[in-house]
Number of protein chains: 2
Amino acid sequence: MADMLNVTPRALRFYEDKGLIHPQRINGQRSYGLRERARMDNILRGKRLGFSLDDIRTVLDIYDGKVLSREELLRRKNGFEQLIEDLKTQRDDIDIVTENLSSLCARIDAFANDPARDAATFMNAQAYDAVLRRYLDDELFDEPAVSAARI
Amino acid sequence: MADMLNVTPRALRFYEDKGLIHPQRINGQRSYGLRERARMDNILRGKRLGFSLDDIRTVLDIYDGKVLSREELLRRKNGFEQLIEDLKTQRDDIDIVTENLSSLCARIDAFANDPARDAATFMNAQAYDAVLRRYLDDELFDEPAVSAARI
DNA sequence: CCTTACGTTTACGTTAACGTCAACTGATAT
DNA sequence: ATATCAGTTGACGTTAACGTAAACGTAAGG
């Protein structure tokens with residue numbers, strides 16, 4: 001199971017201690033079945049998105065029927081709705097970072113293939129141009145506009 | 001600046017120690033300008049996506065012209081291209097988690113508004129149904145199919 | 001029967017990303 | 001001149017998510 005999901009046995013035990021999974025025991029030995037696999041998939045997905053194990057448990061607790069107070073359920077629902085909002089901005093973040101990385105890769109390629117490779121011309125220019133222009137347009141700052149020329 | 005970005009001054013100093021930002025000094029005092037603001041935006045965006053500060057520095061180092069070896073540039077480019085791939089799956093993760101959370105919220109609402117609120121009927125049923133069905137369809141397992149009935 | 005190998009528990013170690021506290025240093029207001 | 005107050009520099013503390021090592025049980029193979 002550990003290899004299957006590319007996590008260490010230690011991590012599985014850690015999740016068990018935290019109450020995130022509850023593998024069966026067959027004379028002492030842990031046995032992971034379909035259900036634990038499904039849970040682990042959800043746990044890892046949450047982790048990849050930056051959620052803490054405690055965050056994840058606030059969800060799993062509900063799935064496990066460990067939270068039955070209407071009060072508490074609604075409280076957590078509010079949290080989830082906030083999370084959904086955050087995930088939206090996270091999608092936007094992904095798009096922005098993807099674009100930044102792509103254009104950086106392109107510039108690296110251009111430089112690497114430049115027959116007359118000149119280190120000076122690689123980086124002096126419009127590195128942050130796009131970013132900066134956004135800020136200048138939005139006029140976000142009152143600060144004494146520091147020399148935007150030489151970045 | 002700290003308040004503006006909703007980070008603590010300590011964090012700003014930490015990023016400076018790590019070499020991620022280089023605020024001007026005006027007789028000892030740190031002065032954050034347009035450039036540092038742009039860098040912070042990128043840093044925080046990276047953080048929101050789960051990147052470590054060291055990850056982020058591998059990008060900023062290049063923008064700062066601190067990496068000029070063609071060898072090293074191409075090595076990092078490979079890393080970035082891998083990151084771009086990861087970001088794609090992260091988008092998919094976001095969609096899945098968003099859907100899961102949404103349907104969970106809906107079920108909480110249904111339960112909370114149920115006039116004859118019955119805790120037993122809330123959670124016993126098809127909690128993982130969708131997830132499980134995917135796995136059963138994909139036939140991912142050789143393991144002795146543990147009782148998929150009682151989740 | 002012995003050992004080799006694997007799994008378990010307990011407990012301490014580790015890393016990243018800051019928090020917090022103490023001691024100090026100009027700049028400013030009174 | 002003194003008090004105050006924000007800002008600076010170490011230095012140590014903290015939390016999450018594991019890693020790692022020690023000590024032990026047990027099932028299989030020769």
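Within every chain, numbering begins at 1; the chains are lettered A, B, ... in the order of the sequence lines, protein sequences first and strands thereafter. As the structure is a prediction and not an experimental result, all values here were calculated from the model.
- Listed pair B:Tyr15 / C:dA17 fails the phosphate criterion, with no side-chain N or O lying under 4.0 Å from OP1 or OP2.
- The CG atom of A:Leu53 sits 16 Å away from the P atom of D:dT15 (whole-angstrom rounding).
- Under a 3.5 Å cut-off, the side chain of A:Arg45 and the backbone N or O of B:Asp93 do not form any donor-acceptor pair.
- Taking 4.5 Å as the limit, some side-chain heavy atom of B:Ile43 sits within range of a side-chain heavy atom of B:Ile21.
- Rounded to whole angstrom, the span from the CG atom of B:Leu12 across to the C1' atom of D:dA6 amounts to 15 Å.
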- Item | Nucleotide pairing, DNA chain C (Watson-Crick or G-U, distances under 3.5 Å), in dot-bracket with [ ] and | | ||||||||||||||||||||||||||||||

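- Taking side-chain N and O atoms only, B:Arg57 has no distance below 4.0 Å to OP1 or OP2 of C:dA17.
- One interatomic measurement links the two molecules: CD of B:Gln29 to P of D:dA6, which rounds to 11 Å at whole-angstrom precision.
- B:Phe14 places none of its side-chain heavy atoms less than 4.5 Å from the side chain of B:Leu20.
- The CD1-P distance, from B:Ile43 to C:dC18, rounds to 10 Å in whole Å.
- In this structure, A:Lys88 pairs ionically with A:Glu85, as a charged nitrogen and a carboxylate oxygen lie closer than 4.0 Å.
- Residue B:Arg25 places none of its side-chain N or O atoms closer than 4.0 Å to OP1 or OP2 of C:dG26.
- Between the P atom of D:dA11 and the CZ atom of B:Phe14 lies a distance of 16 Å, rounded to the nearest Å.
- Salt-bridge annotation for B:Glu36 and B:Arg30: absent, with no side-chain N of the basic residue lying under 4.0 Å from a carboxylate O of the acidic one.
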- Task: Please lay out, stage by stage, how B:Leu101 and A:Glu81 fare under the test side chain to side chain contact (heavy atoms under 4.5 Å, CB included).
- Result: CA-CA 8 Å; B:Leu101 285 179; A:Glu81 285 165 346; over 6 Å; no

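- Residues B:Leu104 and A:Lys77 form no side-chain contact, since every pair of their non-hydrogen atoms from C-beta on lies 4.5 Å or further apart.
- Among A:Arg39, A:Arg57, A:Arg35, the single residue meeting the salt bridge (charged side-chain N to carboxylate O under 4.0 Å, His left out) criterion with A:Asp64 is A:Arg39.
- A salt bridge does not link A:Arg48 with B:Asp92: none of the charged nitrogens is closer than 4.0 Å to a carboxylate oxygen.
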- Task: Report the C-alpha separation of B:Arg75 and B:Glu72 in whole Å, then their side-chain angles, then the decisive distance to 0.1 Å, and conclude whether the salt bridge (Lys or Arg N to Asp or Glu O under 4.0 Å) test is met.
- Result: CA-CA 5 Å; B:Arg75 195 183 352 269; B:Glu72 177 61 18; 2.9 Å; yes

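- For C:dC18, neither phosphate oxygen OP1 nor OP2 lies less than 4.0 angstrom from any side-chain nitrogen or oxygen of B:Thr8.
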Pairwise N/O distances under 3.5 Å, protein to nucleotides 10-13 of chain C:
none

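- Nucleotide C:dC18 holds its C1' atom 8 Å from the NZ atom of B:Lys47, rounded to whole Å.
- Between the CD1 atom of A:Ile56 and the C1' atom of D:dA17 there is a distance of 11 Å, rounded to whole Å.
- Here C:dT8 presents its C1' atom at 16 Å from CD1 of A:Ile26, a figure rounded to the nearest Å.
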- Under the side-chain hydrogen bond (donor to acceptor under 3.5 Å, both in side chains) rule, what do B:Gln82 and B:Asp86 come out as? Steps first, then yes or no, please. CA-CA 6 Å; B:Gln82 179 57 50; B:Asp86 295 350; 2.9 Å; yes

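- Here the closest non-hydrogen pair linking A:Val97 and B:Phe51 is CG1-CE1, 4.2 Å.
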Between the protein and nucleotides 24-27 of chain D, list every N/O to N/O distance that falls short of 3.5 Å.
none

